[in-house]
Amino acid sequence: MPFSRPIVHPVQAPPSQAQGNENPAPIGVRMKNPQGSPGTLGGIGFRVAQASFAATSLATMASTRVFPSVSAFRYLVAAATLQCLWSLTIASVEIYALLVKRSFRNLEAACLFSIGDGITGSLTFSAACAAAGVTVLIGTDVGMCAGNPCALFMTAVAMAFLSWFALAPSFLFNFGFMASSLSVILR
């Protein structure tokens, strides 16, 4: 196999910054905030969507009389409540940041948002999966939809999944920024 080796084809080393470059690039320069990241209108939109889907799931499930008797439904109500509170809190902080023209492009905020989004996202997703399993059991396997509001259960589960889908971009933006900031620090 014909491989190229440095002995056969020598490569010149690039000039060091001290010798040839009079205006070196500043360290840590970043691009503008992409839409959807914390402190932007897209980020606030994601937070409002998370909160509204979680609130709809919570209200729909709480409107049934059956939900206290099934632990998966109680878990969904608790997770949707936590998701709604978290999203509204972070949305209000992001609105304040936009009003005073501050940026959330720092490591501490990214770590806090990423950890909070990870925890609430995991809880919301697992609660939606558990409630979906019980809903399928009640509706399809056992065939007890006549005495239960299966349509409301399905709506609550769907809204919980939509809340999680709206949370995923926020988590990814925060986690990506946190990882890139940590890689610059650890170099």
Side-chain angles (χ1 to χ4, degrees), residues 34-40 42-95 104 106-183:
Q35 279 301 322
S37 63
T40 63
I44 293 170
F46 281 132
R47 296 296 178 178
V48 169
Q50 294 165 22
S52 62
F53 287 136
T56 304
S57 175
L58 171 67
T60 304
M61 189 58 78
S63 69
T64 67
R65 295 180 324 192
V66 182
F67 97 87
S69 62
V70 180
S71 61
F73 294 160
R74 287 187 305 218
Y75 180 37
L76 179 65
V77 167
T81 302
L82 180 66
Q83 180 65 52
C84 190
L85 291 174
W86 171 256
S87 297
L88 287 175
T89 302
I90 299 303
S92 63
V93 169
E94 288 182 2
I95 289 170
F104 279 123
N106 62 38
L107 182 60
E108 293 83 13
C111 286
L112 176 71
F113 293 167
S114 182
I115 291 169
D117 286 344
I119 290 170
T120 58
S122 298
L123 289 174
T124 302
F125 184 73
S126 63
C129 288
V134 171
T135 302
V136 168
L137 175 72
I138 291 171
T140 307
D141 298 340
V142 181
M144 294 177 47
C145 271
N148 292 312
C150 288
L152 290 176
F153 296 156
M154 289 182 220
T155 302
V157 167
M159 291 296 125
F161 277 118
L162 288 174
S163 177
W164 179 76
F165 281 128
L167 177 75
S170 299
F171 172 74
L172 291 175
F173 276 119
N174 289 320
F175 188 75
F177 178 73
M178 181 184 72
S180 67
S181 295
L182 285 174
S183 70

Just verifying a value: how many Å separate [X] [atom1] and [Y] [atom2], rounded to the nearest 0.5 Å?
{"X": "Leu182", "Y": "Phe177", "atom1": "CG", "atom2": "CZ", "value": "9.5 Å"}
{"X": "Leu58", "Y": "Gln83", "atom1": "CG", "atom2": "CD", "value": "11.5 Å"}
{"X": "Met154", "Y": "Ile138", "atom1": "CE", "atom2": "CD1", "value": "9.5 Å"}
{"X": "Asn174", "Y": "Ile90", "atom1": "CG", "atom2": "CD1", "value": "9.0 Å"}
{"X": "Arg74", "Y": "Ser69", "atom1": "CZ", "atom2": "OG", "value": "8.0 Å"}

Inset, instruction - Check the pair Leu107 / Met178 against side chain to side chain contact (heavy atoms under 4.5 Å, CB included), numbers first and verdict last. - result: CA-CA 6 Å; Leu107 182 60; Met178 181 184 72; 4.0 Å; yes

Closest non-hydrogen atom pair, [X] against [Y]:
{"X": "Pro169", "Y": "Ala166", "value": "CD-O, 3.5 Å"}
{"X": "Leu112", "Y": "Trp86", "value": "O-CH2, 4.0 Å"}
{"X": "Thr81", "Y": "Val77", "value": "OG1-O, 2.7 Å"}
{"X": "Val157", "Y": "Ala128", "value": "CG1-O, 3.8 Å"}
{"X": "Ala156", "Y": "Ser57", "value": "O-OG, 2.8 Å"}

Inset, instruction - Look at the rings of Trp164 and Phe125 and say which category their plane angle falls in: under 30° parallel, 30 to 60° tilted, over 60° perpendicular. - result: tilted

Would you indicate whether the side-chain heavy atoms of [Y] and [X] approach each other to under 4.5 Å?
{"X": "Cys84", "Y": "Phe53", "result": "no"}
{"X": "Ser114", "Y": "Phe171", "result": "yes"}
{"X": "Arg47", "Y": "Leu167", "result": "yes"}
{"X": "Leu76", "Y": "Phe67", "result": "no"}
{"X": "Leu172", "Y": "Phe175", "result": "no"}
{"X": "Thr135", "Y": "Phe73", "result": "yes"}
{"X": "Thr60", "Y": "Thr56", "result": "yes"}

Inset, instruction - Evaluate whether atom OH of Tyr75 has more than 12 neighbouring non-hydrogen atoms of other residues, nucleotides or ligands under 6.0 angstrom away. - result: yes

Inset, instruction - Examine the side chains of Gln50 and Ser163 and answer whether a donor and an acceptor come within less than 3.5 Å of each other. - result: no

Inset, instruction - Would you check if the side chain of Ser183 reaches a backbone N or O of Ser180 as a donor-acceptor pair within less than 3.5 Å? - result: yes

Inset, instruction - Would you check if the side chain of Thr124 reaches a backbone N or O of Gly121 as a donor-acceptor pair within less than 3.5 Å? - result: no

